[in-house]
Amino acid sequence: MKITNNYTFHGELSVPGDKSISHRGIMFGAISNGMTEITNFLQGADCLSTISCFQKLGVSIENTGSSVLIRGNGLHGLSAPSQVLNVGNSGTTTRLISGILAGQSFETTLDGDHSIRKRPMRRIFTPLSQMGAEFQCWDRDSFPASRKPSDSGCAPFTIHGKCLQGIHYQSPVASAQVKSSVLLAGLYADSKTSVTEPVLSRNHTELMLSAFGAQLTSAGTTVSIEPEPILHGQKIQVPGDISSAAYFIALGLITPHSEILIQNTGINPTRSGILTVALSMGGNVKLLNERLISGEPVADILVKSSSLHGTTIGGNLIPTLIDEIPVIAVMAAFAEGKTVIQNAEELKVKESDRIAVVTENLRAMGGSIVPTEDGMIIEGGKPLHSAHIHTCQDHRIAMAFTVAGLNASGETTLDDKNCADISYPSFYNDILCLAK
Ligand code: S3P
């Protein structure tokens, strides 16, 4: 399929399972007693990295494609890996597994791809060190041939697991990865551990760990966990990922004469900011058949072509749509008037610097966008034209600009289409199925 504006989009689809929930299912299953069975698991490269890391820690995991079966080793049943754990492109794998590894009686070395080697890890080293764990980063240019100490604060790094102390951590960032890392370390601590974040981030760890048997209490933006629970394997049905549904929400809204029903999508309020934004831009979006699946709210989302207008996005909303900002920027380019995205400085430390990369690509397509320190300002309504998109191997850039290209004149090309496999391996095929 060529990325041109020759199509309308009609029909129903189910997007793949939620990435955050899939990662957590593997991790929590691995440290529980008994079997965990995950259905609708996201078979994206990031979640496969999590599986492979836990297999190297001695956990038996069978991935049949339609489901994943984990034979849990219990809280203290992981074993020292004989090799470096490769986390690939996955920040979630790196930061969450580090919380678990901080409380082990062995040391583990983590490394990943070019992007992961640039992502900030001090945000987890700081609290996990306060709990007692020790970290050593290695010079990435000479690793693994030699291990030269580095103070990069990035992968590759070694975690020396220790007996941990419970802490109260005031996190400077609203990050579910940081929160989850500290909570997972808290499972191994000598007393209660709590985390306060400036704004509430996604709460899948809290929901799912509680279902496995951990004792967590949440009040406002603080969550506490008691150490040494006995965790029990669960059956988890993963809802569709709203971060993947976001591309079809945008596609349905901005493409004239289109109507898309996205079935079985997670709408957890800590994730559903894209729906709030779509409505505030004048989008015709309806939630049907709302229900709970494995403790997570789920709905079918019906989207119809709409005339969008600009909006302002910031504050508490940002963590609920942080991964959707590239595609929201594309929606804004097709909306009349100005859209301001603020308080989103975290975009700079995602798989790419998403403020810079969105700006570069939207400008290449003729869009009017000004990057700011903590977001971007987009003046919408100017027709876009095709461009060669520099994805920086960032899956969300590839998918967001595919949506833009499907509404731009000429033929848009991407320097790396395949990076969508990180979170959505069937993305292009799913678009093809809806294209008329
Ligand atoms: C995730 C949390 C978010 C998000 C990432 C997945 C998670 O990162 O961007 O794609 O599963 O916890 P931060 O917690 O660093 O904001």
Side-chain angles (χ1 to χ4, degrees), residues 1-4 13 15-20 22-23 41-53 86-95 110-120 140 154-155 177 240-251 274 321-330 346-365 386-408 411-433:
M1 177 186 192
K2 290 193 167 161
I3 306 178
T4 65
L13 86 157
V15 294
D18 187 276
K19 180 156 82 69
S20 295
S22 297
H23 279 299
F41 178 82
L42 172 61
Q43 301 285 343
D46 269 12
C47 297
L48 299 179
S49 295
T50 292
I51 291 186
S52 123
C53 287
N86 182 0
V87 297
N89 188 248
S90 176
T92 309
T93 310
T94 314
R95 296 193 177 113
L110 304 184
D111 194 12
D113 70 4
H114 176 72
S115 154
I116 211 78
R117 284 175 160 205
K118 289 202 227 148
R119 301 205 44 202
R140 60 177 173 233
C154 297
Q177 295 182 355
D241 195 328
I242 190 161
S243 297
S244 299
Y247 305 103
F248 290 92
I249 295 173
L251 192 65
I274 176 77
L321 47 66
I322 189 72
D323 292 339
E324 288 66 79
I325 291 179
V327 77
I328 288 173
V330 168
E346 277 294 297
L347 291 174
K348 293 182 191 162
V349 291
K350 293 296 179 187
E351 286 83 330
S352 67
D353 174 346
R354 288 183 179 158
I355 296 181
V357 179
V358 166
T359 301
E360 179 198 342
N361 286 306
L362 208 48
R363 281 188 179 157
M365 297 186 83
S386 60
H388 183 60
I389 300 300
H390 293 149
T391 60
C392 291
Q393 287 155 19
D394 181 336
H395 54 132
R396 302 216 185 273
I397 299 294
M399 292 187 278
F401 281 90
T402 297
V403 171
L406 290 167
N407 281 276
E411 185 185 339
T412 293
T413 50
L414 305 180
D415 61 3
D416 180 10
K417 205 166 154 259
N418 296 337
C419 60
D421 289 355
I422 289 291
S423 62
Y424 198 159
S426 58
F427 177 66
Y428 300 102
N429 195 45
D430 285 358
I431 290 198
L432 202 55
C433 291

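Excluded from the calculations below are hydrogen atoms, water molecules and symmetry mates; all remaining heavy atoms, backbone and side chain alike, are included. For reference, positions follow the sequence shown, starting with 1.
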I'd like to know if the side chain of Asp421 reaches the main chain of Ala45, judged simply by a donor and an acceptor atom lying under 3.5 Å from each other, with no hydrogens or angles considered. no
Side-chain contact, heavy-atom cut-off 4.5 Å: Lys417 with Thr391? no
Checking Leu251 against Val327 for the side chain to side chain contact (heavy atoms under 4.5 Å, CB included) test, could you report, in this order, the C-alpha distance in whole Å, the side-chain angles of both residues, the deciding distance, and whether it holds? CA-CA 9 Å; Leu251 192 65; Val327 77; over 6 Å; no
Do side-chain atoms of Ser352 reach the backbone of Cys392 as a donor and acceptor pair under 3.5 angstrom? no
For the pair Asp394 and Val357, evaluate side chain to side chain contact (heavy atoms under 4.5 Å, CB included) and give the outcome as yes or no after the intermediate values. CA-CA 9 Å; Asp394 181 336; Val357 179; 5.9 Å; no
Do you know the tightest heavy-atom contact between Cys47 and Ser22? SG-CB, 3.7 Å
All heavy atoms of Glu324 vs all of Ala246, minimum pair found to be CG-CB, 3.6 Å
Hey, what do you get for CG (Asn407) to OG1 (Thr402), rounding to the nearest 0.5 Å? 11.5 Å
Whether the side chain of Asn361 engages the backbone of His390 through a donor-acceptor N/O pair (distance < 3.5 Å, no angle test) should be reported. yes
Got a sec: does the CD of Gln393 have more than 12 other heavy atoms crowding it under 6.0 Å? no
Test item: Thr93 and His23 side chains (from C-beta on) under 4.5 Å apart, heavy atoms: yes
Should the ring pair Phe427 and Tyr247 be called parallel, tilted or perpendicular, given that the plane angle runs from 0 to 90° and is split at 30 and 60? perpendicular
Between Gln177 and Thr92: side-chain donor-acceptor atoms closer than 3.5 Å: yes
Rounded to the nearest 0.5 Å, what separates atom CD1 in Ile389 from atom CG in Asp415? 8.5 Å
Passing candidate, side chain to side chain contact (heavy atoms under 4.5 Å, CB included) with Arg354, options Ile325, Asp323, Ile322: Asp323
Between CD1 of Ile242 and CD1 of Ile274, what distance do you get to the nearest 0.5 Å? 7.5 Å
Side-chain heavy atoms of Thr412 within contact of Phe401, under 4.5 Å: no
Are the side chains of Cys419 and Glu351 in contact, using a 4.5 Å heavy-atom criterion? no
Measuring only between side-chain heavy atoms, which start at C-beta, is Phe248 closer than 4.5 Å to Val403? no
Could you check whether any side-chain N or O of Arg119 sits under 3.5 Å from a backbone N or O of Val349, counting only pairs where one atom can act as donor and the other as acceptor? yes
Heavy-atom side-chain proximity of Leu414 to Ile3 below 4.5 angstrom: yes
d(Leu13 CG, Cys433 SG) to nearest 0.5 Å is 8.5 Å
Between Cys53 and Val87, the two heavy atoms sitting closest are SG-CG1, 4.2 Å
Distance col, row Ile422:CD1 vs Ser90:OG, nearest 0.5 angstrom, shows 8.0 Å
Beyond-backbone contact of Leu406 with Ile431, side-chain heavy atoms, under 4.5 angstrom: yes
Are Pro425 and Leu42 close enough that some pair of their side-chain heavy atoms sits under 4.5 Å apart? yes
Roughly how far, to the nearest 0.5 Å, is CG of Asp46 from CG of Asn89? 5.5 Å
For the residue pair Ala329 and Val358, what are the closest heavy atoms and their distance? CB-CG1, 3.7 Å
Would you say Lys118 has more than 12 foreign heavy atoms packed within less than 6.0 Å of its NZ? no
Quick one: does any side-chain atom of Arg396 pair with a main-chain N or O of Pro326 as donor and acceptor, under 3.5 Å? no
